[in-house]
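Below is one structure, written out as structure tokens, with a few remarks after it.
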Amino acid sequence: MAPTRRKSVVEQIQDMILDLELRPGDPMPTEATLCEDLGISRSSVREAMRTLQSLDIVEVRHGHGTYVGQLSLSPLVTGLIFRSVLNTDNSFATLRDVVSLRIALDLGVADELCAQHASTTNPELRGYVEEMRTRTAAGLPFPEADGAFHSRLLSQVGNSLVSELAAAFWEVHTKVVPLLGFPPNTEIEHTVEAHDAIIDALEAGDTAAYRAAVLDHYAPLTRAIEKATADSPGAVPTVAP
């Protein structure tokens with residue numbers, strides 16, 4: 001029988017958080033308490049806490065103490081951004097995969113969203129589309145309005161992790177594109193109108209139309225990524241959904 005692996009200090013502190021039933025924002029046990037209860041040195045505790053802080057599992061408030069963190073997806077965002085920029089073999093591979101995941105999330109909630117929005121009006125969502133249209137006419141980008149549109153839409157989904165993941169992938173997308181020098185969208189008007197089509201489908205309660213509008217919305221971006229991927233040295237093209 002293989003020997004049982006001793007848990008790391010990080011894992012032991014995570015177990016303590018669970019055993020104490022602590023929640024985000026609750027104060028953590030003091031450093032002295034952790035040392036005594038876990039039978040470890042202060043240096044080991046401090047090193048583990050730095051790791052936990054980087055994962056947003058704990059939050060250090062200088063002058064106040066250490067608290068359970070908000071457990072956000074920020075470490076995932078940071079890792080994906082770094083991975084995207086570091087991927088020298090195919091510089092657009094991670095971006096392509098992130099966009100594919102965004103599409104999958106949007107399609108996955110089609111039935112729920114259409115059921116919620118059937119026979120409704122959505123002035124807030126229409127307002128974001130109008131802002132996109134206005135900025136496009138002025139030759140300006142509209143990342144804030146676009147992000148707000150998708151955030152508002154998915155905030156109504158019963159699974160809160162869906163909206164958190166969508167927001168995380170959106171942040172990766174918007175931060176990676178300029179870092180990679182990705183070419184601008186040449187079909188921007190098409191993208192704007194696709195947002196309107198998404199709302200039309202939702203208000204009609206038409207799941208098939210919603211799915212088609214979502215795919216139409218992402219089509220210019222997926223085409224651009226595939227072209228950029230194909231043009232990259234050593235790239236292996238992959239068809240995005």
Original post:
In Å, rounded to the nearest 0.5 Å, how long is the span from CZ of Phe169 to OG1 of Thr174?
Top reply: 13.0 Å

Subject >> Nearest non-hydrogen partners of Cys114 and Thr207, listed with the distance >> reply: SG-CA, 3.6 Å

**OP:** Would you mind checking if Glu144 and Arg135 are paired as a salt bridge, meaning a charged N to carboxylate O distance below 4.0 Å?
**Re:** no

Original post:
So, Glu112 side chain and Val109 main chain: donor-acceptor pair closer than 3.5 Å or not?
Top reply: no

**OP:** Could you check if a side-chain atom of Val45 sits within less than 4.5 angstrom of a side-chain atom of Ile40, using non-hydrogen atoms only?
**Re:** yes

**OP:** For residues Gly205 and Ala118, report the shortest heavy-atom separation together with the two atoms involved.
**Re:** CA-CB, 3.8 Å

**OP:** Give the C-alpha distance, both sets of side-chain angles, the deciding distance and a yes or no for ring pair (Phe, Tyr, Trp, His ring centres under 6.0 Å) between Phe149 and His195.
**Re:** CA-CA 9 Å; Phe149 177 94; His195 285 84; 4.8 Å; yes

Subject >> Co-membership, hydrophobic cluster, residues Val172 and Val162, 4.5 Å side-chain >> reply: yes

Subject >> Polar side-chain atom of Thr78 near backbone of Pro75 as donor-acceptor pair, under 3.5 Å >> reply: no

**OP:** Would you confirm whether Ser151, through its side chain, and Ala148, through its main-chain N or O, come within 3.5 Å as a donor-acceptor pair?
**Re:** no

**OP:** Could you go through the side-chain contact (heavy atoms from CB on, under 4.5 Å) check for Leu101 and Asp97 one step at a time?
**Re:** CA-CA 6 Å; Leu101 286 170; Asp97 294 344; 5.5 Å; no

**OP:** Heavy atoms only: give me the nearest Leu113-Val157 pair and the separation to one decimal.
**Re:** CD2-CG2, 3.9 Å

**OP:** Calculate, to the nearest 0.5 Å, the distance between atoms CG and OG1 belonging to Leu38 and Thr33 respectively.
**Re:** 10.0 Å

**OP:** Tell me, with the steps shown, if Thr134 and Leu140 meet side-chain contact (heavy atoms from CB on, under 4.5 Å).
**Re:** CA-CA 9 Å; Thr134 299; Leu140 298 172; over 6 Å; no

Original post:
Are side-chain heavy atoms of Pro29 and Leu20 found at a separation under 4.5 Å?
Top reply: yes

Subject >> For the student: nearest non-hydrogen atoms of Val9 and Ala48, plus distance >> reply: CG1-CB, 3.5 Å

Original post:
Counting heavy atoms not belonging to Glu47, are there more than 12 under 6.0 Å from its CD?
Top reply: no

Original post:
Can you tell which of Leu55, Ile57, Val58 makes a side chain to side chain contact (heavy atoms under 4.5 Å, CB included) with Leu71?
Top reply: Ile57

**OP:** Can you see which heavy atom on Gln156 is nearest to which on Gln116, and at what distance?
**Re:** O-NE2, 2.8 Å

**OP:** Would you mind listing every ring-ring contact (aromatic ring centres under 6.0 Å, His included) that reaches into residues 23-72, with sequence neighbours excluded?
**Re:** none

Subject >> With Thr136 via side chain to side chain donor-acceptor pair (under 3.5 Å) - residues at least two apart >> reply: none

Original post:
If you take all heavy atoms of Ser43 and Ser41, which pair is closest and at what distance?
Top reply: OG-OG, 3.0 Å

**OP:** Start with the C-alpha gap between Leu153 and His117, add the side-chain angles, then the distance that decides, and say whether side-chain contact (heavy atoms from CB on, under 4.5 Å) holds.
**Re:** CA-CA 10 Å; Leu153 188 60; His117 290 82; 4.3 Å; yes

Original post:
Using 4.0 Å as the upper bound for N to carboxylate O, is an ion pair formed by Arg211 and Asp106?
Top reply: no

Original post:
Leu52 versus Met49: any side-chain heavy-atom pair under 4.5 Å?
Top reply: yes

Subject >> Ile198 vs Asp216 side-chain heavy atoms within contact, under 4.5 Å >> reply: no

Original post:
Within a strict 4.5 Å, meaning less than it, do heavy atoms of the Val99 and Ile225 side chains meet?
Top reply: yes

Original post:
In terms of hydrophobic clusters joined by side-chain contacts under 4.5 Å, are Ile17 and Val60 together?
Top reply: no

Original post:
Should the heavy atoms of other residues, nucleotides or ligands under 6.0 Å from CD of Glu31 be counted, would the total exceed 12?
Top reply: yes

Original post:
Nearest 0.5 Å, what's the CZ-NE2 distance between Arg223 and His190?
Top reply: 6.0 Å

Subject >> Hydrophobic cluster identity match, Leu18 and Ile13, side-chain contacts under 4.5 Å >> reply: no

Original post:
Would you say the side chain of Asp146 lies within less than 4.5 Å of the side chain of Met132, judging by non-hydrogen atoms?
Top reply: yes

Original post:
Where does the angle between the aromatic ring planes of His217 and His150 fall among parallel (under 30°), tilted (30 to 60°) and perpendicular (over 60°)?
Top reply: tilted

Original post:
Going hydrophobic residue to hydrophobic residue with side-chain gaps under 4.5 angstrom, can you get from Val98 over to Trp170?
Top reply: no

**OP:** Report the residues that fulfil salt bridge (Lys or Arg N to Asp or Glu O under 4.0 Å) with Glu130, sequence neighbours left out, ordered by chain and then residue number.
**Re:** Arg133

Subject >> Any donor-acceptor N/O pair, Asp206 side chain to Ala209 backbone, under 3.5 Å >> reply: yes

**OP:** For the residue pair Glu59 and Met28, establish whether any side-chain heavy-atom pair is separated by less than 4.5 Å.
**Re:** no

**OP:** Given side-chain contact (heavy atoms from CB on, under 4.5 Å), test His173 with Leu221 step by step and report yes or no.
**Re:** CA-CA 11 Å; His173 174 181; Leu221 178 59; 3.3 Å; yes

Subject >> Flag, side chain of Asn122 to backbone of Glu124, donor-acceptor distance under 3.5 Å >> reply: no

